[in-house]
Structure formats: C-alpha cells, structure tokens
Amino acid sequence: MLIKRRRGWELPEAAATPESVYLNRRQLLAAAGIGGAVLAASGATRPVLAQEVNYAPEDDPTADLYPVPRNTAFEGGRPLTSYEEAATYNNFYEYGSHKQIWGAAQDLQIRPWTVTFDGLVEEEQTVDIDTLIRAMPLEERVYRHRCVEAWAMTVPWSGFQMSHLIDYARPLSGARYVRMETFQDDEAPGFRQFWYPWPYVEGLTMEEANNELTFIVTGLYGHPVPKQNGAPLRLVTPWKYGFKSIKSLVRFTFTDERPIGFWEELQASEYGFWANVNPEVPHPRWSQAYERLLGTDERVPTQLYNGYGDYVAHMYTDVSPADEARLFM
Ligand SMILES: Nc1nc2c(c(=O)[nH]1)N[C@H]1C(S)=C(S)[C@@H](COP(=O)(O)O)O[C@H]1N2
Ligand SMILES: [Mo]
C-alpha cells in the first residue's frame with residue numbers, strides 16, 4: 001500500500017522560483033565538472049549547454065524520418081523558444097522534482113519500446129514503437145506550451161494527430177475516455193520518491209483525444225524528440241496546462257470511467273481532469289494572469305485556452321455544473 005504524504009513544497013510551483021532554478025543549474029554545472037569560472041566569465045545565468053544536450057540520438061532508429069513537412073496551419077504567434085531552452089528546462093518527475101533533469105533522463109532506455117492499446121477496443125494490441133511511428137502520417141506543428149507553473153514555450157513538434165492513433169487502436173463505441181500511462185522503471189530516480197502515485201497517468205475524453213489539435217509527439221525541432229522531452233512518444237494538448245501532456249507513453253486504455261491523473265491523485269484541490277488554460281482562474285497558490293516565456297524575462301498575458309479557443313471551446317459548452325466549476329484547474 002502506497003502511503004501518500006502531501007507536502008506542499010514538492011508540488012510544482014515550489015520548484016519554479018528563479019532562485020531555485022539558477023541554483024540548481026549552478027549545482028548541475030559543478031557536478032558536470034564545468035567550473036564556476038565559466039559561469040563567472042560569461043556573466044550569464046544561461047550558460048551554453050548545447051553541446052552537452054542529447055539533441056538527436058545518432059542511433060535513434062527513426063532518425064531518417066526527420067525533418068517532416070511543416071503543417072503551416074499551426075503558427076506559434078510569437079518567437080520560438082530555442083532548442084537549448086526547451087531541452088534543458090523540463091518537468092519530468094520520473095527524473096526528479098526540479099527542472100534540470102535532462103542529464104539524468106539520458107538513462108531512459110527508449111529501445112526496445114512497445115505501446116499497448118487495451119480496455120474497450122476491438123482487439124488488444126501491443127505494437128513496437130518503430131512499427132507504430134512508421135505507420136503514422138508525420139507532420140510538424142508549432143505550438144505554444146503553457147505549464148501550470150506559469151512558464152511557457154513555443155516550439156516545433158513533430159508527430160501526428162492523435163485521431164490517427166485512435167483509428168489504429170479501434171476503440172469500441174462504449175469508450176468515453178482514453179487513459180494514458182508513462183513507463184515505470186525503478187532505475188529512474190523519481191520512483192524512489194514513493195509518495196508520488198506512479199506511474200504518471202493522464203486522461204482525455206474521446207472528443208478531446210480526437211480534436212484536431214491533439215498531437216502525439218515523436219520529434220522536436222526536426223529531430224527525434226529528446227528523452228527529457230518525453231521520447232519516444234508523448235502527448236501534447238496545447239490548450240491545457242502542461243501537466244496533461246504526458247511523456248514517454250507505453251499504454252493507451254479506452255474506458256468508460258474518467259481517469260484520475262497523476263496530479264489530480266496527488267492534489268485534487270489544485271489539479272483536475274480538465275486543466276484548460278484560463279488567465280482568470282488562479283491556481284489556489286498563484287495567479288495565472290501572466291506567463292514567463294522561457295529564455296527571456298518577458299512576461300506576457302495568458303490567453304483563454306492558451307489562444308486555441310476556436311479549436312476547442314465548443315467541447316466545453318455542454319458539461320455538467322460540477323465539471324464547469326473545474327474546467328480551468
Ligand atoms: N511522464 C511525465 N509526463 C509529464 C511530466 C512528468 O513529470 N512526467 N510533467 C508534465 C509537465 S508539468 C509539463 S509542464 C510538461 C513539460 O514538458 P517539457 O519538459 O517538454 O517542456 O510535461 C508534462 N508531462
Ligand atoms: Mo507543468
């Protein structure tokens with residue numbers, strides 16, 4: 001039986017203060033043997049880490065697929081966040097409850113890797129990741145990403161619309177939700193933090209999963225997606241807070257019961273099923289009115305549904321009053 005301790009300082013915003021970020025970065029550099037002199041000499045809080053980052057594993061068996069054609073229907077509407085930034089400032093609690101997990105995440109073994117489709121499906125299937133990726137129509141889309149902690153980035157993801165994956169999985173008509181699950185491997189340090197309700201789980205309604213915006217990511221910036229960003233397969237729902245965008249997926253279960261996500265399980269008073277972005281609904285512990293663009297000190301106003309209302313608002317006009325009260329948390 002898992003004993004869950006609810007400790008405020010382990011929840012995401014506690015790790016999101018600039019001070020803790022820079023401190024961790026400095027500690028990381030020290031641990032990597034890069035002297036403080038480099039930091040001091042550059043005078044920057046953003047040391048150059050590019051050559052340290054595993055951009056695109058040379059041995060990734062899908063590397064030949066990239067770059068994929070850009071779908072120009074999706075534009076970021078603001079400058080892109082650099083690859084360095086997107087690949088070195090991450091949330092991936094399996095590798096630690098802070099942002100500098102990209103080094104630790106290199107231990108993730110992404111082959112062999114299989115993905116299972118089960119629950120309310122015509123036939124349960126487990127498929128090899130390379131077979132799956134090669135069966136899907138890959139495209140590139142620039143999306144804005146908004147973490148519930150009020151930082152944001154804009155990056156070109158490669159992948160495919162989730163509706164294609166659902167066609168592949170052949171759910172039965174009784175399926176109302178899809179529950180998604182991340183790998184679980186005791187080698188990853190996060191799993192020793194036993195008070196978290198592992199594995200990381202997220203869910204969508206079937207309507208949300210089939211929405212044109214809902215994207216399954218296999219790549220970033222024209223390369224296979226880095227491990228720290230959720231290799232080899234990761235969800236992106238750009239109108240929802242980032243915690244919905246579950247990484248390193250191994251299972252899709254079709255169900256008639258609403259799944260309880262990792263954060264909802266841990267702290268339902270702060271994190272819910274819907275998690276749609278709304279500047280006017282504060283998190284219980286901070287405002288959501290503005291967001292900080294990664295790589296800059298710029299603060300910009302948060303947009304309702306992260307600016308994607310034309311694609312998604314219609315899905316939320318007919319929810320129960322109980323759900324209506326929780327659409328934006
Ligand atoms: N398995 C898993 N998926 C996850 C998380 C996580 O801790 N574990 N963090 C989420 C959160 S809070 C955010 S903001 C995004 C961060 O994605 P990025 O690191 O690619 O920016 O991943 C989401 N997906
Ligand atoms: Mo997040």
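Numbering of ligands and ligand atoms starts at 1, following listing order. Counting begins at 1 with the first residue of the sequence.
Within a 6.0 Å sphere centred on CG of Asp64, other residues, nucleotides and ligands contribute more than 12 heavy atoms.
A salt bridge does not link Asp107 to Lys227: none of the charged side-chain nitrogens sits closer than 4.0 Å to a carboxylate oxygen. By the 4.0 Å N-to-carboxylate-O rule, Glu202 lies too far from Lys240 to be salt-bridged with it.
Side chain of Gln106 to main chain of Trp102: a donor-acceptor pair is present (N/O by atom type, distance under 3.5 Å, no hydrogens or angles).
By the criterion of a heavy-atom distance under 4.0 Å, the side chain of Thr182, and not its backbone, is placed next to ligand 1. Contact annotation for Lys244 and ligand 1: no heavy atom of the residue comes within less than 4.0 Å of the ligand.
Lys247 forms no cation-pi arrangement with Phe183, by the criterion of a distance under 6.0 Å to the ring centre and an angle within 45° of the ring axis.
Between the choices Arg234, Met153, Met180, the shortest heavy-atom distance to atom 16 (C) of ligand 1 belongs to Arg234. In this comparison of Tyr200, Trp198, Trp263, Tyr196, the heavy atom closest to atom 6 (C) of ligand 1 sits on Tyr200. In this comparison of Lys99, His145, Glu202, the heavy atom closest to atom 14 (S) of ligand 1 sits on His145.
Each of the atoms 10 (C), 11 (C), 13 (C), 14 (S), 15 (C), 22 (O), 23 (C) of ligand 1 lies under 4.0 Å from some heavy atom of Gly242. Near Phe243, meaning under 4.0 Å from any of its heavy atoms, are these atoms of ligand 1: 10 (C), 11 (C), 12 (S). Below 4.0 Å from some heavy atom of Glu94 lie the following atoms of ligand 1, by number and element: 1 (N), 2 (C), 6 (C), 7 (O), 8 (N). Atom numbering of ligand 1 starts at 1 in the shown order; those under 4.0 Å from a heavy atom of Ile246 are 3 (N), 24 (N). Atoms of ligand 1 found under 4.0 Å from any heavy atom of Cys147 (numbered from 1 in listed order, with element): 14 (S). Every atom of ligand 1 with a heavy atom of Asn229 under 4.0 Å away is listed here by number and element: 18 (P), 20 (O). When each atom of ligand 1 is checked for a heavy atom of Phe92 under 4.0 Å away, the hits are 1 (N), 6 (C), 7 (O), 8 (N).
Two rings, from Phe74 and Tyr311, have their centers less than 6.0 Å apart. In this structure, the ring of Tyr316 has its center less than 6.0 angstrom from the ring center of Tyr305.
Between Asn90 and ligand 1, an N or O atom pair is found at a separation short of 3.5 Å.
A donor atom on one side chain and an acceptor atom on the other are found under 3.5 Å apart for Thr218 and Tyr66. Side-chain atoms of Asn210 and Ser163 form no donor-acceptor pair, as typed in the model, at a separation below 3.5 Å.
Proximity of Trp151 to ligand 1 is established by a heavy-atom distance of less than 4.0 Å. Put simply, part of Ser245 is less than 4.0 Å from ligand 1, judged by heavy atoms.
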Just do the ring-ring contact (aromatic ring centres under 6.0 Å, His included) check on Trp198 and Phe262 with the steps written out, would you?
CA-CA 7 Å; Trp198 307 114; Phe262 177 87; 5.0 Å; yes
